[in-house]
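Down below is the structure, laid out as structure tokens.
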Amino acid sequence: MLQVNVLRNNPQWAKEKLAVKHFKQPELVDTIIALDDERKKTQAAFDSIQSKINSASKEIGNLMKQGKKEEAESLKNDVAAYKLQVTDFNDSLLNIEKQLHDTLVQLPNLPADIVPVGKTPEENVVVKEGGVKPNLSANAKPHWDLIKEYDLVDFELGSKITGSGFPLYKGKGARLQRAMIEYFLNFNTAAGYTEYIPPFMVNEASAYGTGQLPDKEGQMYHVTEDGFYLIPTAEVPVTNIYRDTILKEDELPIKMTAYSPCFRREAGSFGKDVRGLNRVHQFEKIEIIQIVEPQKSYDVLEEMVAHVEALLNTLQLPYRVLRLCGGDMGFASALTYDFEVYSAAQQRWLEVSSVSNFEGFQTNRLKCRYKSNEGKTQLTHSLNGSSLALPRIYAALLENNQTENGINIPKALQPYFGAEKI
RNA sequence: GGUGAGGUGGAUGAGUGGCUGAAAUCAACGGUUUGCUAAACCGUCGUACGUCCUUAAAGAUGUACCGAGGGUUCGAAUCCCUCCCUCACCGCCA
């Protein structure tokens, strides 16, 4: 959620930024400012009458003590009249605040200056490529075939137990999964991130805090009986640790990493993209999250990008880094870098990480602030990224490292996997 | 799931209708003292939204907030209702 003051200070600029995100209703900026003016006026009116009520009530108390009953009674009548007015103002104040809020949450975050203009994924800008694409033989197999051949993941049984998109990992397939989880977590904690294992379901307030509600409600599994949502990413529970918090400057930066399964309904997606592990309803991911001082957030973003890149390098996978264009960015993000690995048999780039700076968009909603050493309280900035999402790494590892006599495990994973090849 | 006790500022904890946005203690911060540390002493020490003043900061002032929401009352942290959470015991159970 944007801060009203940001819009107020420069409405024209805000509209231009919204256009980069292909936001259809720039006029909402004006609506918000008007509503905010109205809010201030109404609050002033409310406050002044409430103030009269408060002082009259005090006076009544004094009069009663002195035994001046009649005067007290007449004051009570005054208060009754004020109360009618104050109720009106209060109702309209609540109404205006709700309108203001409902409008404000419709606005996406404003993109940073370097965000490329563009609408579709094709217009994202490749800022870096790394690693070496393998030379596979002509009969190289996509991961869904390899998975069958080596008996690593059973999709049919997953469907039997739950439904499609809930893979069942098995034997060495399960071991590889566990190896990656442990390796990634170690890599992250070695860089100073504190490890968390969060709850895998969250309440409504948390889903709201990180912005999944209200707009992405349909993407989450909802446990209606208890009002909980299965988390689509560890970002949700972990970032909410700092909901309604005022940190001290010395406590920053907060660096957290968390493993969690992620549950996504992926309503409406189908086709070749969903084959094998490319897109599933339950997958494993290790997330990194930072909460930092505003003036440092873009440096931290670079740091996080470098961190993910370093991790990918140790896996010896060919990758590229994209700066997302305005039209492809997430709602809450000011700047996003996507990491894609090249899955050599499918001959496709697969997204395995998305690292974003949300600036104050998320923390404004979460009310996560910090008090500077000078004593000023202001919003923190939040950032997060995957480090890393497993299924597509899994797919790329299998495809890229396949040989006539087995699948090679990258050196970095071998101690965790317990063998050099499958 | 049942029964009981609770939820007050960073922490502990007082407060059963007006003098309480909230005692006291601790922590924290600033200062005095000190060779350094400690102790002692003095001071500061909630958040949000307004208004005034100001270039701004600071300051002054109003309103709201004592788990959440509603109610009673001229007036609610305090009384009533609903919900949430925590703790203890019982039941069930990995």
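Chain letters run A, B, ... following the sequence lines, proteins first, then strands; residues in each count from 1. Below, all heavy atoms of this structure are taken into account, side chains as well, without hydrogens, waters or symmetry copies.
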Does [N] have a Watson-Crick or wobble mate here (both distances under 3.5 Å), and if so which one?
N	answer
B:rA11	B:rU25
B:rU82	B:rA68
B:rU51	B:rA60
B:rG30	B:rC42
B:rG17	none
B:rA77	none
B:rG1	B:rC90

Side chains of residues 190-202 of chain A: which donor-acceptor pairs under 3.5 Å do they make with residues two or more places apart or in other chains?
from: A:Tyr193; atom 1: OH; to: A:Gln290; atom 2: NE2; distance (Å): 3.0

(request) Under the salt bridge (Lys or Arg N to Asp or Glu O under 4.0 Å) rule, collect the residues that match up with A:Asp113, sequence neighbours excluded. (result) A:Lys17
(request) Only counting residues at least two apart or in another chain, list the ones meeting salt bridge (Lys or Arg N to Asp or Glu O under 4.0 Å) with A:Lys172. (result)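 With sequence neighbours excluded, A:Lys172 shows a salt bridge (Lys or Arg N to Asp or Glu O under 4.0 Å) to no residue whatsoever.
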Measuring only the [atom1] atom in each nucleotide, how far is [N] from [M]? A whole number of Å is fine.
N	M	atom1	answer
B:rC92	B:rU3	C1'	16 Å
B:rG4	B:rU63	C1'	39 Å
B:rC83	B:rG1	P	13 Å
B:rC42	B:rC36	C1'	23 Å
B:rU73	B:rC80	P	16 Å
B:rU72	B:rA88	P	38 Å
B:rC66	B:rA22	P	14 Å
B:rG31	B:rA38	P	14 Å

(message) List the residues meeting side chain to side chain donor-acceptor pair (under 3.5 Å) with A:Tyr221, not counting sequence neighbours, and say none if there are none.
(response)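 If we apply the side chain to side chain donor-acceptor pair (under 3.5 Å) test to A:Tyr221, skipping adjacent residues, the hits are A:His281.
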(request) Could you tell me whether the side chain of A:Thr380 reaches within less than 4.5 Å of the side chain of A:Val292, counting heavy atoms only? (result)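 Not in contact.
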(request) Answer yes or no: is there a side-chain heavy-atom contact under 4.5 Å between A:Tyr229 and A:Val223? (result) no
(message) Considering every strand and a 4.0 Å limit on heavy-atom distances, what is the contact class for A:Lys376: base, sugar-phosphate, or nothing?
(response)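 Here A:Lys376 touches no strand at all.
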Please list every donor-acceptor pair under 3.5 Å in which a side-chain atom of residues 174-185 of chain A meets a protein atom from a residue at least two apart or in another chain.
from: A:Arg175; atom 1: NE; to: A:Tyr416; atom 2: O; distance (Å): 3.2
from: A:Arg175; atom 1: NE; to: A:Phe417; atom 2: O; distance (Å): 3.3
from: A:Arg175; atom 1: NH2; to: A:Tyr416; atom 2: O; distance (Å): 3.1
from: A:Arg175; atom 1: NH2; to: A:Phe417; atom 2: O; distance (Å): 3.4
from: A:Tyr183; atom 1: OH; to: A:Thr314; atom 2: OG1; distance (Å): 2.6

Let me have the donor-acceptor pairs involving side chains of residues 4-12 of chain A, under 3.5 Å, with sequence neighbours excluded, atom names and distances please.
from: A:Arg8; atom 1: NH1; to: A:Asp37; atom 2: OD1; distance (Å): 3.2
from: A:Arg8; atom 1: NH2; to: A:Asp36; atom 2: OD2; distance (Å): 2.8
from: A:Arg8; atom 1: NH2; to: A:Asp37; atom 2: OD1; distance (Å): 2.9
from: A:Asn9; atom 1: ND2; to: A:Asn5; atom 2: O; distance (Å): 3.2
from: A:Asn10; atom 1: OD1; to: A:Trp13; atom 2: N; distance (Å): 3.4

(message) On the six-membered ring of A:Tyr208, is A:Arg365 placed so that its NZ or CZ lies under 6.0 angstrom from the centre and within 45° of the ring axis?
(response)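 A:Arg365 over A:Tyr208 ring: yes.
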(message) Once salt bridge (charged side-chain N to carboxylate O under 4.0 Å, His left out) is applied, what residue pairs with a partner in residues 78-93 of chain A remain, sequence neighbours excluded?
(response) none
(request) Give the first and the last nucleotide of RNA chain B, reading 5' to 3', that has any atom under 4.0 Å from a heavy atom of chain A. (result)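 Endpoints of the contacted stretch of RNA chain B: B:rG18 to B:rG75.
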(request) Give, ordered by number, those residues of residues 48-58 of chain A having at least one heavy-atom distance below 4.0 Å to an atom of RNA chain B; if nothing qualifies, reply none. (result)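 A:Gln50, A:Ser51, A:Asn54, A:Ser57, in order of number.
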(message) Both A:Glu97 and A:Lys83 contact RNA chain B. Which one's nearest nucleotide lies toward the 5' end?
(response)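 So the residue in question is A:Glu97.
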(request) With RNA chain B as reference, determine whether A:Thr377 or A:Lys76 sits nearer its 5' end, using the nearest nucleotide of each. (result)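 Closest to the 5' end, via its nearest nucleotide, is A:Thr377.
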